[in-house]
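Chain identifiers are assigned alphabetically (A, B, ...) following the order of the sequence lines, protein sequences preceding nucleic acid strands; residue numbering begins at 1 within each chain.
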Amino acid sequence: MPAPQHRLRFAPSPTGYLHVGGARTALFNWLFVKKFGGQFLLRIEDTDKARSTDESTRAIYDGLGWLGLQWDGEVVYQGGNLERHRADALRLLDNGTAYRCFCTQAELAERRAAAEATNEAFKYDRRCDRLDSAEIAQRLAADMPFVVRFRVPEGSTQWVDLVHDEIAFPNKDIEDFIVLRTDGTPIYNLAVVSDDIAMAITLVMRGDDHISNTPKQILLYRALGRALPQFAHLPMIHGLDGKKLSKRHGATAVGDYQHLGILPGAMLNFLALLGWSPGNDVEVMTMDQMIELFDPAGLQKKAAIFDPKKLEWMNGQYLNLTPADELFARVAPAMEAAGLATPTELDARREWFVALLDLLKVRARTIDDVIRQATPYFRGVIEYDPDAEAKQWKDRPATAELLVHVRDSLAALDRWEPAAMEEALRALAERLGFGEKAGKLFQPLRVALTGLAASPGIFDVLVMLGRDRSLSRLDAAVAHLRITV
RNA sequence: GGCGGUAUCGUCUAGGGGACUAGGACACGGCCCUCUCAAGGCUGGAACACGGGUUCGAAUCCCGUUACCGCUACCA
């Protein structure tokens with residue numbers, strides 16, 4: 001009772017970075033395989049030599065690696081299959097489903113322009129298909145360059161799409177497309193079909209910008225005498241303005257989000273919700289749940305708009321849900337990049353740092369937020385945020401005096417622990433006539449300790465800073481308040 | 001222009017003839033909690049593109065219109 005062996009592939013062209021749209025396509029392919037069994041293959045479509053770069057290929061590996069979307073088996077480089085592509089094109093010529101076309105690009109461009117001028121739809125007029133064999137032989141003998149064109153048959157081409165149900169194209173609207181260039185290299189549609197056949201792909205799941213390629217590819221499968229795979233066309237991802245996601249929408253590469261401090265799990269979860277819903281109001285899922293719940297029937301037909309705000313929210317959820325100890329590995333490199341501490345230094349006081357992470361992660365949405373908030377705990381001298389000073393240190397002489405009292409109360413403590421601190425400080429607030437409003441004490445203290453108006457609970461801050469540093473920061477704040485009038 | 005696709009709150013979506021005075025989430029506002037900021041809880045405003053059918057009954061089915069998107073290369 002072997003499960004049907006699904007074979008899916010993600011086939012990006014290495015001409016830019018791994019886009020969030022591409023990442024989502026990869027994710028759905030991956031989810032399908034994890035859910036229903038089979039193989040998730042990776043094919044780099046590098047036949048456009050002019051635009052393909054090694055750097056882009058690296059970006060694809062890095063992006064997929066960061067997201068944890070591991071593919072099965074060896075990577076296939078389309079450029080390595082040129083001979084087979086050519087052989088398939090020649091097979092088409094042999095079995096009469098394609099013909100040689102001697103029209104030059106210049107001629108074609110001219111005719112296209114002429115058609116556009118009269119507002120007509122341009123379609124290749126098949127003139128080279130009407131050449132008789134003697135003429136063809138003569139041109140061949142004269143070494144005239146030619147392309148191989150596929151002869152689109154009569155009728156209509158349709159398929160049952162996994163997300164769109166039935167889609168049909170009248171063949172009369174499809175022109176006799178080129179499959180092999182004059183230099184003998186294959187055109188996209190041929191290369192894809194040749195490779196998908198060779199890789200025994202059973203389900204082609206890709207962006208719906210490929211819908212109009214699909215009838216051509218189906219025609220190619222038939223002409224090559226091969227069984228069709230299934231097709232699933234995923235909706236596009238658009239920017240906030242409803243247009244196709246592009247550079248001017250800001251961060252669109254997966255790597256951008258990695259560097260912005262987004263967790264891969266959050267990215268995946270967010271992407272999964274763009275164009276798919278598990279139903280039942282489920283949103284935040286573990287990877288296992290996502291696999292368990294994945295169902296192509298829940299795939300959306302409509303393009304989705306990428307909302308960075310919701311991604312951040314999702315990331316906040318993940319930050320909150322991830323144990324601080326696990327976060328360590330992701331935060332440590334960012335700490336080093338920010339110049340706050342090296343991973344070695346952090347490791348030396350791992351327990352302390354994990355405790356700090358526990359306090360910070362709940363109020364952060366990105367790793368960058370965590371780093372920002374962690375800063376006061378790593379600097380010898382802190383900066384006072386002007387807004388915080390303005391708000392909490394209004395009356396500077398009085399604040400200085402207040403902080404001296406606070407310092408004395410804290411310095412008098414036997415043990416440096418929250419309960420004792422709270423008791424002492426609340427008693428002090430009482431003595432100073434603040435009554436229940438101990439916040440009047442805590443807030444100026446917070447600024448003295450962190451330089452900021454917002455932080456974790458004040459006793460947690462005191463504990464994380466430790467006795468000596470807390471007291472010296474109070475001294476520094478008092479000095480600062482007295483000097484700068 | 002031609003062909004194809006799509007159409008539920010600002011955004012992501014639930015919904016697959018009656019359960020819909022249309023549910024959840026993000027964002028926005030209010031309240032609670034509270035030493036601040038978050039988190040959390042409660043709460044408010046906010047949508048079935050339009051027009052025809054089909055039906056006892058349409059967000060759900062059909063047709064048309066409109067809008068938007070994609071393709072229209074010897075790019076992928």
Interatomic distance at [atom1], [N] relative to [M], whole Å:
N	M	atom1	answer
C32(B)	G10(B)	P	29 Å
A25(B)	A46(B)	C1'	14 Å
A49(B)	A59(B)	P	10 Å
G53(B)	G17(B)	C1'	15 Å
G18(B)	G64(B)	P	25 Å
C63(B)	C69(B)	C1'	23 Å
A27(B)	C68(B)	P	30 Å
C71(B)	G30(B)	C1'	49 Å

Watson-Crick or G-U wobble mate for [N], both contacts under 3.5 Å:
N	result
G45(B)	none
G16(B)	none
A25(B)	U11(B)
C50(B)	G64(B)
U55(B)	none
C3(B)	G70(B)
C75(B)	none
G40(B)	C32(B)

Assess, by modelled atom type and distance only, whether the side chains of [X] and [Y] contain a donor and an acceptor separated by less than 3.5 Å.
X	Y	result
Arg151(A)	Thr97(A)	no
Asp368(A)	Thr366(A)	no
Thr214(A)	Gln217(A)	no
Asp161(A)	Trp159(A)	yes

Using the benzene-type ring in the case of Trp, are the ring centres of [X] and [Y] under 6.0 Å apart?
X	Y	value
Trp416(A)	Phe459(A)	no
Tyr188(A)	His85(A)	no
His238(A)	Phe306(A)	no

To the nearest Å, how far apart are [X] [atom1] and [N] [atom2]?
X	N	atom1	atom2	result
Trp159(A)	G5(B)	CH2	P	8 Å
Lys301(A)	G4(B)	NZ	P	17 Å
Leu441(A)	C35(B)	CG	P	13 Å

Base, sugar-phosphate, or nothing: which does [X] touch, judged by heavy atoms less than 4.0 Å apart?
X	result
Arg43(A)	nothing
Ile458(A)	base
Gly275(A)	sugar-phosphate
Ala438(A)	nothing
Gln300(A)	sugar-phosphate
Ala50(A)	nothing

- prompt: Tell me, for nucleotides 18-33 of chain B in 5' to 3' order, what letter each nucleotide earns: B for a base near a protein heavy atom under 4.0 Å, S for only sugar-phosphate near one, - for neither?
  reply: -----BBBSS------
query: What string of B, S and - do you get for nucleotides 71-76 of chain B, 5' to 3', when a contact is any protein heavy atom under 4.0 Å?
result: S-SBBB
field: Whichever of Asp208(A) and Leu240(A) has its nearest RNA chain B nucleotide further upstream toward 5'
entry: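 Nearer the 5' end of the strand: Leu240(A).
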- prompt: Closer to the 5' end of RNA chain B via nearest nucleotide, is it Ala454(A) or His238(A)?
  reply: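 The 5'-side residue here is Ala454(A).
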query: Just one of Glu422(A), Glu423(A), Glu430(A) clears the salt bridge (charged side-chain N to carboxylate O under 4.0 Å, His left out) bar with Arg426(A), so which one?
result: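 Checked Glu422(A), Glu423(A), Glu430(A) against Arg426(A); only one passes salt bridge (charged side-chain N to carboxylate O under 4.0 Å, His left out): Glu422(A).
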task: Look at the side-chain N and O atoms of His233(A) and state whether any lies under 4.0 Å from the OP1 or OP2 oxygen of G5(B).
output: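 For G5(B), neither OP1 nor OP2 has a side-chain N or O of His233(A) closer than 4.0 Å.
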- prompt: Partners of Arg379(A) by salt bridge (Lys or Arg N to Asp or Glu O under 4.0 Å), sequence neighbours excluded?
  reply: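 None.
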Among [options], which is the nearest nucleotide to the side chain of [X]?
X	options	answer
Asp173(A)	C3(B), U13(B), C69(B)	C3(B)
Ile305(A)	A14(B), G4(B), C12(B)	C12(B)
Ala121(A)	A7(B), U36(B), G2(B)	G2(B)
Ile167(A)	A38(B), C12(B), G5(B)	G5(B)
Phe459(A)	U13(B), G1(B), C35(B)	C35(B)

- prompt: Just checking, Arg43(A) and Tyr77(A): is the charged tip under 6.0 Å from the six-membered ring centre and within 45° of the axis?
  reply: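 Judged by the rule, Arg43(A) and Tyr77(A) form no cation-pi pair.
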message: Ring of Phe146(A), cation from Arg100(A) - is the NZ or CZ under 6.0 Å from the centre and inside 45° of the axis?
response: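 So Arg100(A) does make the cation-pi contact.
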- prompt: Hey, does the side chain of Asp46(A) reach the backbone of Gly79(A) with a donor-acceptor pair shorter than 3.5 angstrom?
  reply: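 Checked: pair present.
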